[in-house]
2 protein chains.
Amino acid sequence: MTRSSNRTTSFEVAALAGVSQSAVSRAFTPGSSIAEETRQKVLEAARKLNYVPNSIASSLTTKRSNIVALILGNLANPFYVHVMHAFSRKLQEHGRQVLIFTVDAGAESDDAILQVLKYQVDGVILTSAQLSTRMTSMCHDRGIPIVLFNRYIPGSDASGVRCDNNGGGRLIAEAFLAAGAKSYLIVTGDPTATTSGDRMHGFMDRLIEGGIKRSDISQIEGNSSYEGAFSATIRYFSSPDVKRPDAIFGVNDIMAMGVMDALQLRLGMKVPEDLMLGGFDDIPEARRAPYHLTTVRQPIDQMVDETLAILHLDEPTRPIERGIDKRIPGRLIWRSTVPAPRDSE
Amino acid sequence: MTRSSNRTTSFEVAALAGVSQSAVSRAFTPGSSIAEETRQKVLEAARKLNYVPNSIASSLTTKRSNIVALILGNLANPFYVHVMHAFSRKLQEHGRQVLIFTVDAGAESDDAILQVLKYQVDGVILTSAQLSTRMTSMCHDRGIPIVLFNRYIPGSDASGVRCDNNGGGRLIAEAFLAAGAKSYLIVTGDPTATTSGDRMHGFMDRLIEGGIKRSDISQIEGNSSYEGAFSATIRYFSSPDVKRPDAIFGVNDIMAMGVMDALQLRLGMKVPEDLMLGGFDDIPEARRAPYHLTTVRQPIDQMVDETLAILHLDEPTRPIERGIDKRIPGRLIWRSTVPAPRDSE
DNA sequence: GCAAACAATGCATACGCATTCAAGAATAAT
DNA sequence: ATTATTCTTGAATGCGTATGCATTGTTTGC
């Protein structure tokens, strides 16, 4: 048994069924003009021969591959695993295949895009990876829609879907303010990502509106990872002249979890008794007993739906819409890392 | 700008470069006979036209798609996320594309395989999902190699690569025995999976060899998930006539983590002071401060390499090897959830 | 009962590239 | 200098399917 051997073709099925190859093709193409009787004959013959239509060949003529590329930057963050899962489920439901590319977080995605173009994908979804304008236009030029997921790349005319990160930052700020925190620490992620910056700015702006002095807001870098936030936290609090904040905002849950573990297991502080803590994303892990984290939920399903809507895979002739910047509000999930306000007043 | 518009073909590049279409094809095919000068002319023209070879069309003639399908069953377990990442990285390095399918854990993978066959993939990797013999032979009949990753399906002649689960179970048992545990609880995963069963059997056999009575070994079902193990643990210890075990073995890390949180945060027990705990997989999370779990490390990279070796994508003419059952030993990682033995005597 | 509309089918071709074959150009061997 | 090799190249063809077009058979309308 060697490779690339006996793959049955539509001609062989046609021969067995006593029809033309066209008929076989039609039997497998919903909505095409074929008598039910003929169709059954063909399907019967196909079954006997274990025939499976060759999508590659089909793509060549239809110019549609039914493949969607998903470029992933940071699988170490469970949030993106869930995003991937959601896309995979949804696309499979619609009979689409998912081509995965993993790139280093924050790295250029040019190579991946180039590969993707070779495979004539019907659309590209990009999460947490950079996108050059050259690649954007290459995709657009050949009619391949591309959507940035939870990324905003200034100056790009690629469309995107994201959570209202700024607004989400404000939500966490409001929770902290309501709980009475006066001094703050922000643990930021990838500095090249607008996602982290937007959350931080929304957070700070709201604090300042709430009467907090800028000098009461500090900031450290957590590398978008659990480990990064964990060690950054320890480093920060180990400094002799540190002012202990009342509240810490990790710009994503995985970092907030790292912060929390560092505080409680290494620095001997209790959350929320000594210090309150907020995250962003609402990954399932944030809900677990050791964390039970107050956070902002990103509505993944809705964001995925919006992304697919922009891709509009079902209407390939519709022009690609550029420059869409769909922003979807997050929702504050108040758990136990921020104490309930003393009074609702 | 409508879809499927102006995609440049090799003919247009040929025209601009003043050569034949064959020359263009050769310019992009490593190892083919073409003068360097011609090659440069072609590449120059291609660059001007933003030409990207159409892999779909190429696959049609070469009968190789350079696509490998990865069928994933349980993304809720971070272990499989890392497995996916490892495969993705490795395959990308070799210029292969990865087609992802997610199926419900333990579900039949027939639909996914059928899709995969349509796309003429060069190989299939299956993790934590069932595989019917019919699909196995369909793949084999058309020369598509298929490898089960960390799965063993009795009666199947599909090849597979897995960790020595039985041996790994024994390693954990030995650690517990060395630490002096006398009574045991096992938290099992998916009962249809041999993975869970093998770990459990290895564990039990070794305990019995170590002089433990079968009646001192209990067992509960943890659904292969954090949440399942968490609640199963609480349920178990809430029973009035429960005998408290000295040690608990979660057959994977994610369940061991659930057990640990349930014990410490809900049931007021301390690990390892009141109870020791072991896991399996050595996912990165197991190393984190809150857990620091004693576990068996699965050598993912090595397992991935072995899997790709069986696929032998680079030698498509070599016959598919069936029935290989490659078992790779795990390694005990002794962390703090099992106390060091009193003395090495 | 006849024209007109329609449904079903097959033929032929196109999709974009890889590859075989034969021919021509350049080089090496004698 | 002449023949034998090796390198390059282009024309032609095939990969497996979808589809426009023409043909035939069938139904509908009047």
Side-chain angles (χ1 to χ4, degrees), chain A residues 3-42 45-46 49-66 117-122 142-143 316-317, chain B residues 3-42 45-46 49-66 117-122 142-143 316-317:
Chain A
R3 229 64 151 252
S4 73
S5 41
N6 37 309
R7 309 206 179 168
T8 314
T9 73
S10 54
F11 278 97
E12 304 171 45
V13 176
L16 180 59
V19 297
S20 72
Q21 179 268 330
S22 318
V24 177
S25 170
R26 292 191 177 107
F28 283 94
T29 308
S32 63
S33 170
I34 186 172
E36 186 53 31
E37 189 192 359
T38 320
R39 219 178 91 88
Q40 289 307 329
K41 250 193 321 193
V42 170
L49 298 174
N50 270 337
Y51 169 74
V52 175
N54 182 334
S55 295
I56 297 278
S58 150
S59 302
L60 193 56
T61 59
T62 60
K63 291 165 176 271
R64 311 221 66 220
S65 61
N66 277 319
L117 290 179
K118 285 192 190 169
Y119 280 86
Q120 316 291 112
V121 299
D122 293 343
R142 53 200 75 204
T317 53
Chain B
R3 233 51 158 259
S4 73
S5 41
N6 37 307
R7 309 205 181 169
T8 314
T9 73
S10 55
F11 278 96
E12 304 171 47
V13 176
L16 180 58
V19 297
S20 72
Q21 178 267 328
S22 320
V24 177
S25 171
R26 292 191 177 106
F28 283 94
T29 306
S32 63
S33 168
I34 185 171
E36 185 53 31
E37 189 192 358
T38 321
R39 220 179 91 87
Q40 289 307 328
K41 249 194 322 191
V42 171
L49 297 175
N50 271 337
Y51 170 74
V52 175
N54 182 334
S55 294
I56 296 279
S58 147
S59 303
L60 195 56
T61 59
T62 60
K63 292 164 175 270
R64 310 221 67 221
S65 61
N66 277 319
L117 290 179
K118 285 193 192 171
Y119 279 86
Q120 316 291 110
V121 299
D122 293 342
R142 54 200 76 205
T317 54

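Labels below follow one simple rule: chain letters A, B, ... track the order of the sequence lines, proteins then strands, and each chain is numbered from 1.
- Projected onto DNA chain C by closest heavy-atom contact, A:Phe11 and A:Arg39 fall at different nucleotides, the more 5' of which corresponds to A:Arg39.
- Residue pairs meeting the side-chain hydrogen bond (donor to acceptor under 3.5 Å, both in side chains) criterion with at least one member in residues 25-40 of chain A, sequence neighbours excluded, are A:Glu36-A:Gln40.
- Distances shown here put every side-chain N or O of B:Thr9 at or beyond 4.0 Å from the OP1 or OP2 atom of C:dG16.
- Smallest separation of non-hydrogen atoms from A:Arg142 and A:Leu117: CD-CD2, 3.8 Å.
- Between A:Gln40 atom CD and C:dT9 atom C1' the separation is 17 Å, expressed in whole Å.
- Heavy atoms only, all atoms of each residue included: B:Val42 and B:Ala27 are closest at CG1-CB, 3.5 Å.
- In this structure, B:Thr38 reaches the sugar-phosphate backbone alone: every heavy-atom distance under 4.0 Å involves primed, P, OP1 or OP2 atoms, never a base.
- Residue A:Ser10 has a polar side-chain atom (N or O) positioned under 4.0 Å from OP1 or OP2 of D:dT17.
- Rounded to whole angstrom, the span from the CG atom of A:Asn66 across to the P atom of D:dT17 amounts to 15 Å.
- Atom CG of B:Leu60 and atom P of D:dG14 are 13 Å apart (whole Å).
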(request) For side chain to side chain contact (heavy atoms under 4.5 Å, CB included), just list the numbers for B:Asn54 and B:Arg7, CA-CA rounded to whole Å, side-chain angles, deciding distance to a tenth of an Å, and then say yes or no. (result) CA-CA 9 Å; B:Asn54 182 334; B:Arg7 309 205 181 169; over 6 Å; no
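- Side-chain N/O atoms of A:Tyr119 include none lying less than 4.0 angstrom from OP1 or OP2 on C:dG16.
- The nearest whole Å value for the distance from the CD atom in A:Glu37 to the P atom in D:dG25 is 16 Å.
- Side-chain proximity of B:Thr61 to D:dG14, C:dA14, C:dT9: nearest is D:dG14.
- Distances from the side chain of B:Ser58 to the nucleotides C:dA18, D:dT17, D:dG10 place C:dA18 closest.
- Separating the CD1 atom in A:Ile56 from the CD atom in A:Gln120 is a distance of 10.5 Å, to the nearest 0.5 Å.
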(request) Please lay out, stage by stage, how B:Val13 and B:Thr8 fare under the test side chain to side chain contact (heavy atoms under 4.5 Å, CB included). (result) CA-CA 8 Å; B:Val13 176; B:Thr8 314; 4.1 Å; yes
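- As rounded to whole Å, 21 Å separates atom P of D:dG14 from atom CD1 of A:Ile56.
- Here D:dA12 is the nucleotide among D:dA12, D:dT17, D:dC15 with the atom lying nearest to any side-chain atom of B:Gln21.
- For the helix from C:dG1-D:dC30 to C:dT30-D:dA1, the end axes, each set by the C1' atoms of five terminal pairs, are bent relative to each other by 20° (nearest 10°).
- Within the 4.0 Å cut-off from OP1 or OP2 of D:dG16, at least one side-chain nitrogen or oxygen of B:Lys63 is found.
- Between the side chain of A:Ser22 and the base of C:dC11, a donor-acceptor pair under 3.5 Å is found.
- Once rounded to the nearest 0.5 Å, the distance linking OH of B:Tyr119 with OG of A:Ser59 reads 5.0 Å.
- Closest approach of B:Ser65 to B:Asp122, counting heavy atoms only: N-OD1, 3.1 Å.
- Atom P of nucleotide C:dG16 and atom NZ of A:Lys118 are separated by 17 Å, given to the nearest angstrom.
- In terms of heavy-atom proximity, A:Gln21 sits nearest to A:Ala14 at N-CB, 3.7 Å.
- Contacts with DNA chain D (heavy atom under 4.0 Å) in residues 25-34 of chain B: B:Arg26, B:Ser33, B:Ile34, listed by number.
- When each of A:Val24 and B:Glu36 is assigned the nucleotide of DNA chain D with its nearest heavy atom, B:Glu36 is the one assigned upstream, toward the 5' end.
- Minimum atom distance to the side chain of A:Asn54 is reached by D:dG16, of the listed D:dG16, D:dT19, C:dT9.
- When atom types are taken as modelled, the side chain of A:Ser10 and the backbone of A:Val24 share no donor-acceptor pair closer than 3.5 angstrom.
- Residue B:Ala35 places its side chain closer to D:dT9 than to any other of C:dG10, C:dC15, D:dT9.
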